[in-house]
Enquirer: 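Let me give you the structure first, and then I'll get to my questions.
Letters A, B, ... are given to chains in the order of the sequence lines, protein chains preceding strands, and every chain is numbered from 1. Because only heavy atoms are used, hydrogens play no part in the values below, and waters and symmetry mates are left out as well, while side chains stay in.
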Number of protein chains: 2
Amino acid sequence: MAECEELVLKFKRHGYKMTPQRRAILEALILSTPEHPTAEQIHEAVLQRMPDTSLATVYNTLRELVAVHEVHELDLGQGVRRYEIVQHEHAHLVCINCQCVRDLSADFSKLRDLLRQHNGFHPVRYDVIVYGYCDECLESGRVEAWGAGRG
Amino acid sequence: MAECEELVLKFKRHGYKMTPQRRAILEALILSTPEHPTAEQIHEAVLQRMPDTSLATVYNTLRELVAVHEVHELDLGQGVRRYEIVQHEHAHLVCINCQCVRDLSADFSKLRDLLRQHNGFHPVRYDVIVYGYCDECLESGRVEAWGAGRG
DNA sequence: CTCACTGCAAACTATTTGCATCGTA
DNA sequence: TACGATGCAAATAGTTTGCAGTGAG
């Protein structure tokens, strides 16, 4: 897995030591990035290879990866943070029924233009989240009151 | 405050009883919406008029307001939820230094178009967050390493 | 007069931290 | 070998919940 070695090198380049736990965390992260895993989910994946790894180590490593801008921490309004390897610009589609998360390629040029005009704020990062229902939920009838909208 | 009576009526219309605590919460929410207050901040404001109001009541009322779509709950990646009265479509500008939050009027038509093409997801709500630095922070020199970006 | 709402305190959940031990560079 | 990384358990912070008493409709 070339992608993994790349990430390992980047990590070392920042002065961090490479341990088996950290390598397992990086691998789990790469393999599960499309699912936008939580720290817990990464921990579960890591446990299969390194049964004694603690959740605290996962959190610590993730914090370091975020600090060196190799990983994005996502707050998608679910009360849990999710993580993804830094990649091309995209929006997140969050299903408010099954909580799954998908990517949607999109460029934020219009938003950037708007901010360029609107003096007074200096953007660093964009987070575009769309809440709604995924097809799987709608088709399987798991969403009851879809369309009614009464609380 | 006409806006407040309107909200009170909407709230009653959903079958909820109106209590002095709830009225104070609605008023605090209307007055402080531009600041995108947290539950704590709303609680503090409410305490000035109703000194015995509990934080739990604030949370409960906010949950109900969110359920009937009168209020939006915002998760801006700060570890706290913020609240705002539902209003016109806009993006949020979040200062990663002082944590202040501003609105930016913007329409999400391009994003909607993109989603219409991209079958497989049924949008309900859009959340556009821009993280960066506000002018106040940059001008006052409160941001040290601005531009360097080294962790 | 009833049942939804309240305050309080305890529970919960996600995340962080302190500390003694371990292992990479 | 030295010092950063680890596991564990305890601490923290935001939010939710259970319960007995209160008050809006």
Enquirer: May I ask you to decide if the ring planes of A:Phe108 and A:Tyr126 are parallel, tilted or perpendicular, using 30° and 60° as cut-offs?
Expert: tilted

Enquirer: With a 3.5 Å distance limit and no angle check, can you tell me whether B:Glu70 reaches the backbone of B:Ile85 through a side-chain donor-acceptor pair?
Expert: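 Absent.
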
Enquirer: When you measure from the side chain of B:Ser32 to the backbone N and O of B:Glu35, does any donor-acceptor pair fall under 3.5 Å?
Expert: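 Checking the backbone N and O of B:Glu35 against the side chain of B:Ser32, no donor-acceptor pair under 3.5 Å is found.
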
Enquirer: Going by ring pair (Phe, Tyr, Trp, His ring centres under 6.0 Å), name the residues that satisfy it together with A:Phe121, two or more places apart in sequence or in a different chain.
Expert: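 Scan of A:Phe121 (ring pair (Phe, Tyr, Trp, His ring centres under 6.0 Å), adjacent residues dropped) gives none.
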
Enquirer: Is there a path of hydrophobic side-chain contacts, each under 4.5 Å between heavy atoms of I, L, V, M, F, W or Y residues, that connects B:Leu111 with A:Leu74?
Expert: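 No.
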
Enquirer: Where the side chain of B:Tyr131 meets the backbone of B:Leu76, is there a donor-acceptor pair that is under 3.5 Å apart?
Expert: yes

Enquirer: May I ask you to list the residues of residues 43-50 of chain B, by number, that have any heavy atom positioned under 4.0 Å from an atom of DNA chain C?
Expert: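 The answer is none.
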
Enquirer: Are the side chain of B:Arg82 and the backbone N or O of B:His36 linked by a donor-acceptor pair below 3.5 Å?
Expert: yes

Enquirer: Let me check the geometry of the helix from C:dC1-D:dG25 to C:dA25-D:dT1. What is the bend angle between the axes at its two ends, five pairs each, to 10°?
Expert: 40°

Enquirer: If we ignore hydrogens and angles and just use 3.5 Å, is the side chain of A:Arg125 paired with the main-chain N or O of B:Val130 as donor and acceptor?
Expert: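 Looks like no, no N/O pair under 3.5 Å.
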
Enquirer: Starting at CG of B:Leu62 and ending at P of D:dG14, how long is that distance when rounded to a whole Å?
Expert: 15 Å

Enquirer: Could you list all N or O pairs between the protein and nucleotides 2-5 of chain D that sit under 3.5 Å apart?
Expert:
from	atom 1	to	atom 2	distance (Å)
D:dG4	O4'	A:Lys17	NZ	3.4
D:dA5	OP1	A:Arg22	NH1	2.8
D:dA5	OP1	A:Arg22	NH2	3.3

Enquirer: Would you say the side-chain atoms of B:Thr57 pair up with the backbone N or O of B:Thr53, donor to acceptor, closer than 3.5 Å?
Expert: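 Not confirmed, B:Thr57 side chain does not pair with B:Thr53 backbone.
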
Enquirer: One character per nucleotide, please: for nucleotides 12-22 of chain C, 5' to 3', B when the base has a protein heavy atom closer than 4.0 Å, S when only the sugar-phosphate does, - otherwise.
Expert: --SSBB-----

Enquirer: At under 4.0 Å between heavy atoms, what does B:Pro20 touch on the DNA or RNA strands: base, sugar-phosphate, or nothing?
Expert: sugar-phosphate

Enquirer: What class does the angle between the rings of A:His14 and A:Tyr16 fall in, given that below 30° is parallel, 30 to 60° is tilted and above 60° is perpendicular?
Expert: tilted

Enquirer: Go through it in stages, so that I can follow the logic: the residues are B:His88 and B:Asp103, the test is side-chain hydrogen bond (donor to acceptor under 3.5 Å, both in side chains), and I'd like the CA-CA distance, side-chain angles, deciding distance and then a yes or no.
Expert: CA-CA 10 Å; B:His88 61 87; B:Asp103 286 346; 5.4 Å; no

Enquirer: Return the set of residues passing side chain to side chain contact (heavy atoms under 4.5 Å, CB included) with B:Arg49 (not counting sequence neighbours), or none when no residue passes.
Expert: B:Glu27

Enquirer: Would you mind reading off the distance between A:Arg23 atom CZ and C:dG23 atom P, rounded to a whole angstrom?
Expert: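 Atom CZ in A:Arg23 sits about 17 Å away from atom P in C:dG23.
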
Enquirer: Determine yes or no for a side-chain-to-main-chain donor-acceptor pair under 3.5 angstrom, with B:Gln41 supplying the side chain and B:Thr38 the backbone.
Expert: yes

